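As structure tokens, the structure follows; a few thoughts come after it.
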Amino acid sequence: MRGYDGVLVEERLRELAGRLRGPARLKTDLLTEARHALLDAAEAYRADGLPAAEAERRAVAEFGSSAQLAPGYQAELAAGALRGLAVRALAVAVALMVGGDLTWRGAHWRGGPPPEGYQLLSASLNGIWGTVAGLALAGLLLGFLAARYGSARLPRLGRVVGFGLTGALGVGALAGGALLAWSIGLWQAALTWPPMMVGAVLASAAWFALARAARSWLLAIR
């Protein structure tokens with residue numbers, strides 16, 4: 001049984017937590033690991049014969065100040081946030097490339113061919129989502145490498161890929177919204193076409209998840 005109350009440990013962890021930004025679950029996990037490491041170190045000093053208060057003080061002092069620790073922990077949070085954004089972006093990109101045309105399959109369209117501009121915008125979406133998928137894969141790779149290696153280049157590359165991915169998602173959102181509005185202008189029955197309605201609901205949920213992930217990553221690198 002531990003013979004100390006962990007006040008100094010919790011104080012150091014609160015200081016560290018106040019400096020960190022990023023995915024809440026990963027942040028909690030990192031702080032939990034830090035707590036266990038501190039308490040184990042204090043317990044080891046206690047077993048060596050130090051008084052409880054001195055054992056805890058020494059463990060906290062050797063662990064480092066929050067200012068010293070924050071950069072390393074923040075880098076882990078940024079890598080984790082990039083992985084989360086990349087996973088969601090890849091899933092959405094693949095789903096839209098595969099399922100985009102399904103929303104129109106079987107539709108009772110009676111007009112002539114859509115305008116050339118509409119067709120060009122529609123075709124460009126596959127290129128945009130292909131770019132998003134490629135950047136997402138790069139983000140996943142960099143996140144994996146950053147978790148295993150401590151190279152200073154990896155966080156910088158992660159920022160470049162993350163900004164590119166966020167920008168590509170923004171372009172995709174604008175292009176997709178413009179195509180949807182144009183589609184409704186050409187065929188108002190699209191508002192009541194079941195596949196389109198289901199697709200719009202699913203797309204809205206996907207964009208909400210992407211927006212949260214992008215915000216988490218931007219906060220993590222701020």
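Being a predicted model, the structure only gives us computed values, none of them experimental.
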### Salt bridge Arg12-Glu15, side-chain N to carboxylate O under 4.0 Å
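A salt bridge links Arg12 with Glu15.
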Give a yes or no answer on whether the side chain of [X] reaches the backbone of [Y] with a donor-acceptor pair at less than 3.5 Å.
{"X": "Ser216", "Y": "Arg212", "answer": "no"}
{"X": "Arg159", "Y": "Pro155", "answer": "no"}
{"X": "Ser122", "Y": "Tyr118", "answer": "no"}

[Y] side chain reached by [X] side chain, heavy atoms, under 4.5 Å:
{"X": "His36", "Y": "Thr32", "value": "yes"}
{"X": "Lys27", "Y": "Leu31", "value": "yes"}
{"X": "Leu85", "Y": "Thr166", "value": "yes"}
{"X": "Leu96", "Y": "Leu125", "value": "no"}

For [X], what residues pass the side-chain contact (heavy atoms from CB on, under 4.5 Å) criterion, not counting sequence neighbours?
{"X": "Leu121", "result": "Ser124, Ala175, Ala178, Leu179, Trp182"}
{"X": "Arg25", "result": "Asp29"}
{"X": "Leu26", "result": "Pro23, Leu30, Leu77"}
{"X": "Val160", "result": "none"}

Over all heavy atoms of both residues, which pair between [X] and [Y] is shortest? Give the atoms and the distance, please.
{"X": "Val7", "Y": "Glu56", "answer": "N-OE2, 3.1 Å"}
{"X": "Leu38", "Y": "Ala59", "answer": "CD2-O, 3.6 Å"}
{"X": "Leu165", "Y": "Ala89", "answer": "CD1-CB, 3.9 Å"}
{"X": "Ala55", "Y": "Ala42", "answer": "CB-O, 3.4 Å"}
{"X": "Leu140", "Y": "Ala86", "answer": "CG-CB, 3.7 Å"}
{"X": "Arg21", "Y": "Leu219", "answer": "NE-O, 3.0 Å"}

#### Entry: salt bridge (charged side-chain N to carboxylate O under 4.0 Å, His left out) partners for Arg156, two or more places apart
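For Arg156 there are no salt bridge (charged side-chain N to carboxylate O under 4.0 Å, His left out) partners, ignoring immediate neighbours.
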### Message
Side-chain heavy atoms under 4.5 Å apart, restricted to Ile/Leu/Val/Met/Phe/Trp/Tyr: what other residues fall into the cluster of Tyr45, or is it alone?
### Response
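Grouped by the 4.5 Å side-chain rule, Leu50 form the rest of the cluster around Tyr45.
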### Residue pair Glu54, Arg46: steps toward the salt bridge (charged side-chain N to carboxylate O under 4.0 Å, His left out) verdict
CA-CA 8 Å; Glu54 177 61 20; Arg46 179 81 170 114; over 6 Å; no
Apply side-chain hydrogen bond (donor to acceptor under 3.5 Å, both in side chains) to [X] and list each qualifying residue two or more places apart in sequence or on a separate chain.
{"X": "Arg215", "answer": "none"}
{"X": "Ser66", "answer": "Arg19"}
{"X": "Glu11", "answer": "none"}
{"X": "Ser65", "answer": "Gln68"}

#### Entry: Contact list for residues 69-81, test side-chain hydrogen bond (donor to acceptor under 3.5 Å, both in side chains), sequence neighbours left out
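Listed by first then second residue: nothing to list.
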### Query
Under 6.0 Å from the CD atom of Glu62, do we count more than 12 heavy atoms belonging to anything else shown?
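Yes.
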### Message
Applying ring pair (Phe, Tyr, Trp, His ring centres under 6.0 Å) as the test, list every pair that has at least one member in residues 197-217; sequence neighbours left out.
### Response
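Those involving residues 197-217 are Trp129-Trp207, Phe163-Trp217.
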### Message
Determine whether Val92 and Leu169 satisfy the following criterion, side chain to side chain contact (heavy atoms under 4.5 Å, CB included), listing intermediate values before the conclusion.
### Response
CA-CA 10 Å; Val92 171; Leu169 286 170; 5.9 Å; no
